[in-house]
Amino acid sequence: MSDSNTADAEASNVKPTNFIRNIIDNDLESGKRTNVQTRFPPEPNGFLHIGHAKSICINFGIAKDYNGECNLRFDDTNPAKEEAAYAEAIANDVEWLGFKWAGEIKHSADYFDRLFDYAVELIEKGVAYVCELSMEEMRDYRGTLTEPGKNSPYRDRAVAENLDLFNRMKAGEFEDGSIALRAKIDMSSPNINLRDPVIYRIKKAHHIRTGDKWCIYPTYDFTHGISDAIEGITHSLCTLEFEDHRPLYDWFLENITIDCHPQQIEFSRLNLEHTITSKRKLNLLVNEGVVDGWDDPRMPTISGMRRRGYSAAAIRDFIGRTGVTKKVHTVEMSLLENSVREDLGENAGRAMAVLNPLKVTLVNYPDDKVESIQAPIHPQKESMGKREIFFSKTILIDQADFRESANKKYKRLVLGKAVRLRNAYVITCDEIVRDGQGNIVELLCTVDLNTLGKNPEGYKPKGVIHWVSESHSKPATVRLYDRLFNVANPAAEENFLDCVNPECLVEVVDARVELSLGEAKPEQVFQFEREGYFCADRYQHSADNLVFNRTVTLRDSWAKIEAKS
RNA sequence: UGGGAUGUCGCCAAGCGGUAAGGCAACGGGUUUUGAUCCCGUCAUGCGCAGGUUCAAAUCCUGCCAUCCCAGCCA
């Protein structure tokens, strides 16, 4: 169980195959490469989400399978957006997901000195220049998708002047946005990224790693490929939107003096139905108070899913099932739920919890008698052992498990009929007790004492329902989570906040759970039989305040039958 | 509209010139002290469309069509 949370423990009898692995296989076979080195390069400007999980699984997974290593590198080139707290949360999430990065955590900022030197090299070679166009002017000069841009009036400055200006930029002589260092490539390129992209800009901001040492910062395009090369990355795997940047990635590495040229390969992002993965929108959910934070169990963040009760193994399994291609796709939620159920079905201990209690008095059972029953923690896995449950005269069942009358399809308790109490006896309902308003407040039943562990003689109970003994149960808060959005593609909505599912969280405060659940530890997972999978809340659950989050329901074919009629 | 990419079952996805894997979903049926699990079975004469090459095409060629990405001193 302890190693089920590391990707190393994964049974690798089924070898994943995808176009990236095919490229690597060919590179190794042809001798183009002799090793495999990858990296996961998040920007510390938010929490990691399910989309990042895909990138993590691909990068760390490939490194592991090819006996290589994967670096964790914070792409921290924009101090205006980055925070140390995010960096810390990201590292925790990667670790929790079960992956180990090579050596120390890396930072693009670790290479700022070398990056500066490479910029100087470009200037000296005459392929970079300091440009004084304002941002608006630069936009005008850039042209459009269909029209070429035109050269900046500062494009042909002398090398010495560029060097002087660049050093003065570094010295803090200019204001943010007033001046920038640009690569001299081709203002008429049909690829807009090649129209003299900015490689250094002024940002008088405090950096989480370098403090106030710098007031100029390299841009992503200039930084990323060079950082990869410095680290000896062989295959730089990223998402589709960087495809147009690949010529730039290659241009920098061809124009500086460096002996490593990683290959950038792009794959499509993971899109999941009923969820959103835009950091901006996720941030809005947090700031608008729609959810209680980045790690709210409804969030598609790694920490949110963790708190929801999804295991790292289930998330890894899900990612593996979605595949790696260049096709823009959107995966159905049922695929994720399948992975989660498969993992929890195997590993979660069983327990009984009554969400909406209805009192049942067993009229023929002795008033003060209490029976101890050894119930299996997992009916299909005896090795998981037993738990002790208690049976007594007054028990609680779920309100949904009783009907005064019903057709033969209803396999629960009905007035005058019998039903099996899970792990215990068969009971028959004799009478309904109502309050002044006519609400059912109690059931009077007869228990067949000859049915513990064996079938009753002469009749067949209609089904099996769960229960707890009233005086041998504990109160608990149970949070029923459902999908956050009620449309498949919230990102396509005019205002995605309008389609937040009003029932994404239903909190049950008066549930009753079996005694053994009083010993649940935070993050421990259970199957509440006939209800679903739940986990003790990572932060709010304690021995005297039981709080369980519903991870996912059990598959429910009854709901389909019911919906049909 | 310039450039870059992508189109195989409802959703993913193998396939790489020799006659359409697999998973999820769905739908039947069996087992069952969880309407769960498990087990069996059904589910593309068809690979965006139209031509062409070939004994043979999802795979090669040509032309269309659709969708996604790019005009931050964001990543």
Side-chain angles (χ1 to χ4, degrees), chain A residues 14 17-18 22 41-43 45 75-78 80-81 131 133-135 138-140 142-149 176-182 189-195 197-203 216-217 219-221 223-224 238-247 266 268 273 279 318 320-339 341-342 345-346 350 352 378-380 409-412 419-426 451-455 461 463-466 488 527-532 553-562:
Chain A
V14 182
T17 172
N18 59 54
N22 291 342
E43 182 186 17
N45 68 343
D75 219 338
D76 51 358
T77 57
N78 187 353
K81 294 189 173 182
C131 181
L133 250 26
S134 68
M135 292 194 202
M138 210 181 277
R139 185 163 58 235
D140 290 340
R142 188 154 35 228
T144 68
L145 293 178
T146 53
E147 300 155 27
D176 287 18
S178 63
I179 193 167
L181 181 69
R182 294 224 259 170
S189 171
N191 180 344
I192 292 181
N193 294 120
L194 263 20
R195 318 240 263 229
V198 167
I199 60 182
Y200 260 95
R201 71 289 213 199
I202 313 266
K203 272 188 192 293
I216 57 171
Y217 291 92
T219 55
Y220 164 84
D221 285 309
T223 308
H224 201 85
C238 62
T239 44
L240 250 30
E241 66 272 27
F242 293 105
E243 216 153 17
D244 288 340
H245 294 243
R246 190 176 350 119
E266 312 84 14
S268 55
E273 283 192 348
K279 275 188 196 171
F318 164 67
R321 287 172 193 255
T322 61
V324 182
T325 67
K326 290 174 78 85
K327 182 169 136 188
V328 175
H329 65 185
T330 302
V331 177
E332 289 177 344
M333 190 62 105
S334 63
L335 192 65
L336 207 207
E337 292 180 338
N338 174 68
S339 292
R341 288 193 183 107
E342 203 167 275
E346 181 81 8
R350 313 282 123 127
M352 292 195 282
H378 193 304
Q380 280 81 39
K409 280 185 180 170
Y410 186 79
K411 305 197 318 193
R412 309 181 190 184
V419 78
R420 159 77 65 182
L421 292 178
R422 177 75 169 154
N423 294 127
Y425 300 96
V426 172
T451 55
L452 189 60
K454 55 183 157 183
N455 290 127
V464 182
I465 64 173
H466 60 283
Q527 181 195 103
F528 288 175
E529 289 187 294
R530 302 209 316 126
E531 290 288 356
T553 61
L554 252 25
R555 277 200 183 80
D556 190 358
S557 57
W558 166 242
K560 284 180 201 165
I561 295 167
E562 227 185 1

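The structure presented is a predicted model; accordingly, all values stated were derived computationally and were not measured. Numbered from 1 within each chain, the chains take letters A, B, ... in sequence-line order.
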query: For B/rG7, does OP1 or OP2 lie under 4.0 Å from any side-chain N or O of A/Lys326?
result: no
Between C1' of B/rG35 and CZ of A/Phe528, the distance in whole Å: 20 Å
- prompt: What is the distance from NE2 of A/His329 to P of B/rA25, rounded to the nearest Å?
  reply: 18 Å
task: Kindly say if A/Arg142 contacts the phosphate of B/rC73, meaning a side-chain N or O under 4.0 Å from OP1 or OP2.
output: yes
- request: Measure from CG on A/Asn22 to C1' on B/rA14 and round the result to the nearest Å.
  value: 11 Å
query: Which nucleotide sits closest to the side chain of A/Lys81: B/rU6, B/rC74, B/rG35?
result: B/rC74
message: As an exercise, state the distance from CZ of A/Arg530 to CG of A/Leu554, rounded to the nearest 0.5 Å.
response: 10.0 Å
task: Using a 4.0 Å heavy-atom cut-off across all strands, classify A/Thr144 as base, sugar-phosphate, or nothing.
output: base
task: Taking only the side-chain nitrogens and oxygens of A/Arg530, find out if one of them lies under 4.0 Å from OP1 or OP2 of B/rU33.
output: no
- prompt: What nucleic acid atoms does A/Lys411 come within less than 4.0 Å of, heavy atoms only: base, sugar-phosphate, or nothing?
  reply: base
message: By the 4.0 Å heavy-atom rule, please label A/Tyr217 as base, sugar-phosphate, or nothing.
response: nothing
task: Verify the stacking flag for A/Tyr220 against B/rA75: centroid separation must be under 5.5 angstrom and the ring planes must differ by under 30 degrees.
output: no
task: Pick base, sugar-phosphate or nothing for A/Leu240, based on heavy-atom distances below 4.0 Å to the nucleic acid.
output: nothing
query: How would you label the contact of A/Gln380 with the nucleic acid (heavy atoms, under 4.0 Å): base, sugar-phosphate, or nothing?
result: base
Gap in Å between the two P atoms, one belonging to B/rA26 and one to B/rA71, rounded: 41 Å
query: If you pin A/Pro197 and A/Thr322 to their nearest nucleotides in RNA chain B, which one's is more 5'?
result: A/Thr322
- prompt: Which part of the nucleic acid, if any, lies within reach of A/Arg350 when heavy atoms closer than 4.0 Å are counted: base, sugar-phosphate only, or nothing?
  reply: base
query: At under 4.0 Å between heavy atoms, what does A/Asn45 touch on the DNA or RNA strands: base, sugar-phosphate, or nothing?
result: nothing
field: N/O (side chain, A/Thr77) to phosphate O (OP1/OP2, B/rA75) under 4.0 Å
entry: yes
- prompt: Does A/Arg422 place a side-chain N or O at less than 4.0 Å from the phosphate oxygens OP1/OP2 of B/rU32?
  reply: no
- request: Determine the interatomic distance between P on B/rU8 and the same-named atom on B/rG3; round to the nearest Å.
  value: 25 Å
message: My understanding is that a pair needs two contacts under 3.5 Å, Watson-Crick or G-U wobble. By that rule, which nucleotide pairs with B/rC49?
response: B/rG63
query: Base, sugar-phosphate, or nothing: which does A/Asp75 touch, judged by heavy atoms less than 4.0 Å apart?
result: sugar-phosphate
query: Sub-3.5 Å donor-acceptor pair from the side chain of A/Arg341 to the main-chain atoms of A/Thr553, do we have one?
result: yes
message: For A/Lys81, is there an ion pair with A/Glu43 - N to carboxylate O distance below 4.0 angstrom?
response: no
message: Suppose you measure atom C1' in B/rC47 against the same atom in B/rG17; what distance do you get, rounded to whole Å?
response: 15 Å
message: Could you identify the nucleotide paired to B/rG28, looking across every strand shown and requiring Watson-Crick or G-U wobble geometry with both distances under 3.5 Å?
response: B/rC40
query: To the nearest angstrom, how far is A/Asn338 atom CG from B/rG22 atom C1'?
result: 13 Å
- request: May I ask you to decide if A/Glu273's main-chain N or O and A/Thr330's side chain share a donor-acceptor pair within less than 3.5 Å?
  value: no
message: Taking the P atom in each of B/rC38 and B/rU6, what is the distance between them to the nearest angstrom?
response: 37 Å
field: Value rounded to 0.5 Å, distance of CG in A/Asn338 from CD in A/Glu332
entry: 11.5 Å
message: Rounding to an integer number of angstrom, what distance separates B/rG23 and B/rC68 when you compare their P atoms?
response: 32 Å
message: Please classify the nucleic acid contact of A/Gln527 as base, sugar-phosphate, or nothing, using heavy-atom distances under 4.0 Å.
response: base
Base B/rG10 paired with A/Glu332 side chain (donor-acceptor, <3.5 Å): yes
Listed nucleotide nearest any side-chain atom of A/Glu243, set B/rA36, B/rA5, B/rC73: B/rA5
field: Same-atom distance (P) from B/rA50 to B/rU45, integer angstrom
entry: 15 Å
query: Within the modelled atom types, does a donor on one side and an acceptor on the other bring the side chain of A/Asp244 and the base of B/rG3 under 3.5 Å apart?
result: yes
Nearest-Å distance for atom pair NZ/C1', residues A/Lys279 and B/rA75: 8 Å
field: Most 5' of A/Glu43 and A/Glu241 on RNA chain B, judged by nearest nucleotide
entry: A/Glu241
task: For B/rA75 versus B/rC70, give the span between their C1' atoms, rounded off to a whole number of Å.
output: 14 Å
field: Base paired to B/rG72 (Watson-Crick or G-U; both N/O distances under 3.5 angstrom)
entry: none
- prompt: What does A/Arg182 touch in the nucleic acid at a heavy-atom separation under 4.0 angstrom: a base, only the sugar-phosphate, or nothing?
  reply: nothing
query: Under 4.0 Å: is that the gap between some side-chain N or O of A/Thr219 and OP1 or OP2 of B/rC73?
result: no
field: Shortest non-hydrogen contact between A/Thr451 and A/Val426, atoms and distance
entry: OG1-N, 2.9 Å
- prompt: Ignoring hydrogens and geometry, is there a side-chain-to-backbone donor-acceptor pair from A/Asp244 to A/Asn191 under 3.5 Å?
  reply: no
query: For A/Gly149, which contact category applies under a 4.0 Å heavy-atom criterion: base, sugar-phosphate, or nothing?
result: nothing
field: Syn or anti for B/rG17 (syn when the glycosidic angle lies within 90° of 0)
entry: anti
message: I want to check one thing: is the phosphate of B/rG3, taken as OP1 and OP2, less than 4.0 Å away from some side-chain N or O of A/Thr146?
response: no
- prompt: Checking all strands, does A/Asn423 fall into the base, sugar-phosphate, or nothing category for heavy-atom contacts under 4.0 angstrom?
  reply: base
task: Have a look at A/Thr330 and say if it touches a base, only the backbone sugar-phosphate, or nothing, with a 4.0 Å heavy-atom cut-off.
output: sugar-phosphate
query: Side-chain N or O of A/Arg246 less than 4.0 angstrom from OP1 or OP2 on B/rA5?
result: no
query: Separation of A/Lys560 atom NZ from B/rA25 atom P, in whole Å?
result: 8 Å
- request: Hey, could you give me the OH/CZ distance between A/Tyr425 and A/Arg420, rounded to the nearest 0.5 Å?
  value: 10.0 Å
- line: Rounded to whole Å, the CZ-P distance (A/Arg555 to B/rC27) equals 12 Å
- prompt: Where the side chain of A/Arg412 meets the backbone of A/Gly463, is there a donor-acceptor pair that is under 3.5 Å apart?
  reply: no
- prompt: Hey, are A/Arg246 and A/Asn193 close enough side-chain-wise for a donor-acceptor pair under 3.5 Å?
  reply: no
- prompt: When rounded to the nearest Å, what value does the distance between P atoms of B/rC40 and B/rA25 take?
  reply: 16 Å
- prompt: Taking CD1 from A/Ile192 and C1' from B/rG2, how many angstroms apart are they, rounded to a whole number?
  reply: 8 Å
- line: Looking only at B/rU34, B/rG2, B/rG35, the nucleotide nearest the A/Glu529 side chain is B/rU34
- request: Answer with base, sugar-phosphate or nothing: what part of the nucleic acid does A/Ala424 contact at a heavy-atom distance below 4.0 Å?
  value: base
